[in-house]
Number of protein chains: 2
Amino acid sequence: MKSIISNINKAFDHRIRLGIMSVLMVNEYADFKSLKELLGATDGNIASHTKALEKQKYIKVEKSFIDRKPNTRYIASEKGRKAFQEHLDALEKLLNSKNDLNN
Amino acid sequence: MKSIISNINKAFDHRIRLGIMSVLMVNEYADFKSLKELLGATDGNIASHTKALEKQKYIKVEKSFIDRKPNTRYIASEKGRKAFQEHLDALEKLLNSKNDLNN
DNA sequence: TTATTTTACTTTGTTTTTCAAAGTACTTTA
DNA sequence: TAAAGTACTTTGAAAAACAAAGTAAAATAA
């Protein structure tokens with residue numbers, strides 16, 4: 001039997017990654033510093049969680065120089081958008097359907 | 001500044017714990033086996049995640065014997081219900097508000 | 001000019017968490 | 001009475017999370 005949580009995506013199980021994706025769903029892109037400030041996370045934290053999402057190809061990373069300073073932009077990929085939407089749908093289903101034991 | 005994820009509860013950051021709580025929100029109680037089957041998790045998995053929720057006093061555990069067999073029932077505590085509801089509210093806020101970088 | 005601080009990350013190593021396999025203590029079935 | 005099953009718990013290895021330290025270039029101060 002398919003379990004009630006089988007469509008919940010492990011990649012989004014963490015609040016920082018959830019936050020990153022949710023920011024990238026509504027913004028075309030976000031840079032390192034913005035994510036860090038928005039999420040109240042440490043540098044290392046943002047680095048490792050974005051790396052994890054990048055590894056899954058859920059976000060793309062664009063490195064450039066802005067005002068002669070390095071700048072890293074994160075962008076949700078199509079794959080990422082789709083996966084995140086499916087995750088949200090699964091979440092909604094889990095939470096809104098009453099998961100009654102006597103079905 | 002309060003970050004957009006600061007009200008997301010770390011205790012519910014994991015899909016198995018999320019599943020346990022969501023089941024316990026709509027059912028008065030659930031036993032070990034039911035949780036295990038509903039969530040498609042291993043024994044050790046259910047044991048450690050329920051223990052984590054118990055440690056936070058989000059669920060209560062009642063041990064008894066049913067048909068001479070040991071039976072463990074898990075029940076959401078008032079504290080747990082409240083915490084979970086707040087978590088859901090935070091989730092909704094995170095996902096539905098557009099977290100625009102240009103606010 | 002040179003030193004110091006700041007910015008924007010990345011790397012590192014420890015701590016914490018997750019996980020499933022193995023263990024325990026029975027009960028049931030053969 | 002032995003073997004198999006049930007209902008968990010314990011364990012220890014593997015993975016993930018974390019923040020501190022590191023790096024490199026730029027900006028600012030001396």
Side-chain angles (χ1 to χ4, degrees), chain A residues 3 5-6 8-21 23-24 27 29-75 83 87 101, chain B residues 1 3 5-6 8-21 23-24 27 29-75 87 101:
Chain A
S3 104
I5 54 169
S6 49
I8 301 229
N9 193 329
K10 208 172 168 259
F12 308 129
D13 244 3
H14 190 281
R15 69 199 188 295
I16 293 185
R17 290 191 302 269
L18 198 72
I20 292 172
M21 286 308 291
V23 167
L24 293 183
N27 293 280
Y29 61 85
D31 60 24
F32 191 92
K33 204 188 167 198
S34 303
L35 285 181
K36 190 188 145 177
E37 285 173 358
L38 265 161
L39 303 174
T42 59
D43 294 5
N45 237 283
I46 295 293
S48 56
H49 287 295
T50 50
K51 192 167 283 178
L53 291 169
E54 196 193 348
K55 202 176 163 190
Q56 306 266 325
K57 313 256 188 200
Y58 287 163
I59 65 176
K60 281 178 285 182
V61 182
E62 281 179 10
K63 279 164 190 299
S64 65
F65 282 84
I66 294 180
D67 295 333
R68 323 183 104 224
K69 281 179 266 173
N71 183 270
T72 305
R73 279 181 177 178
Y74 301 98
I75 300 119
H87 176 76
L101 294 180
Chain B
M1 206 231 340
S3 102
I5 54 168
S6 48
I8 301 232
N9 193 331
K10 210 175 167 254
F12 307 129
D13 245 2
H14 190 281
R15 69 200 187 292
I16 293 184
R17 291 192 299 270
L18 199 73
I20 292 172
M21 285 308 291
V23 167
L24 293 184
N27 293 279
Y29 62 84
D31 60 24
F32 190 93
K33 206 188 166 197
S34 303
L35 286 181
K36 191 188 145 176
E37 286 172 356
L38 264 161
L39 303 174
T42 58
D43 293 6
N45 237 286
I46 295 294
S48 54
H49 287 296
T50 50
K51 193 166 281 176
L53 291 169
E54 197 193 348
K55 202 176 163 191
Q56 306 266 326
K57 313 257 188 201
Y58 287 163
I59 65 175
K60 281 178 284 181
V61 181
E62 281 179 9
K63 277 163 192 301
S64 65
F65 282 84
I66 293 180
D67 294 334
R68 321 183 107 226
K69 281 181 268 173
N71 183 271
T72 305
R73 278 181 177 178
Y74 301 97
I75 301 120
H87 177 75
L101 292 181

A:V61 vs A:T50, test: side-chain contact (heavy atoms from CB on, under 4.5 Å). Steps then yes/no.
CA-CA 9 Å; A:V61 182; A:T50 50; 5.9 Å; no
side-chain contact (heavy atoms from CB on, under 4.5 Å) between B:I20 and B:L53, worked out:
CA-CA 9 Å; B:I20 292 172; B:L53 291 169; 3.8 Å; yes
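Between A:F32 and B:R15, the residue anchored nearer the 5' end of DNA chain C, judged by the nucleotide with its closest heavy atom, is A:F32. Comparing B:K10 and B:T72 by the nucleotide of DNA chain D whose heavy atom lies nearest to each, the residue mapping closer to the 5' end is B:T72. Comparing B:P70 and A:F65 against DNA chain D, the residue whose closest nucleotide sits nearer the 5' end is B:P70.
Distance B:Q56 CD to C:dT16 P: 15 Å, rounded to the nearest Å. For the pair B:K33 NZ and D:dT6 P, the computed distance is 7 Å after rounding to whole Å. The nearest whole Å value for the distance from the CD1 atom in B:I46 to the P atom in C:dA20 is 11 Å. Distance, B:D67 CG to D:dG5 C1': 15 Å, rounded to whole Å. Remark: C1' of D:dC18 and NZ of A:K51 are 14 Å apart, rounded to the nearest angstrom. Going from atom CD of B:E62 over to atom P of D:dC8 covers 13 Å, rounded to whole Å. Taking atom NZ of residue B:K69 and atom P of nucleotide D:dG5, one finds them 13 Å apart after rounding to whole Å. Between B:E37 atom CD and D:dA7 atom C1' there is a gap of 12 Å when expressed in whole angstrom units.
Under 4.0 angstrom from either OP1 or OP2 of D:dT6 there lies no side-chain N or O belonging to B:R68. OP1 or OP2 of C:dC19 lies within a sub-4.0 Å distance of a side-chain N or O belonging to B:H14. Between B:H49 and D:dT9 there is no side-chain N or O to OP1 or OP2 distance below 4.0 Å. At least one side-chain nitrogen or oxygen of B:R17 sits closer than 4.0 Å to the OP1 or OP2 atom of C:dT18.
For A:A47, the listed nucleotide lying nearest its side chain is C:dT11; candidates were C:dT11, C:dC9, C:dC19. Between D:dA19, C:dT10, C:dA20, one nucleotide has an atom nearer to the side chain of A:T42 than all others, and that is D:dA19.
In this structure, B:F32 and B:Y74 have tilted ring planes: the angle between them lies in the 30° to 60° band.
Using a 4.0 Å heavy-atom cutoff across all strands shown, B:K36 reaches no nucleic acid atom at all.
Contact of A:N45 with D:dC18 (side chain to base): no donor-acceptor pair of N or O atoms is detected under 3.5 Å.
Each of A:R73, A:E54, A:K51 was evaluated against A:I59; a single residue qualifies, A:E54, per the side-chain contact (heavy atoms from CB on, under 4.5 Å) test.
A side-chain donor-acceptor contact under 3.5 Å links B:N9 to the backbone of B:A11.
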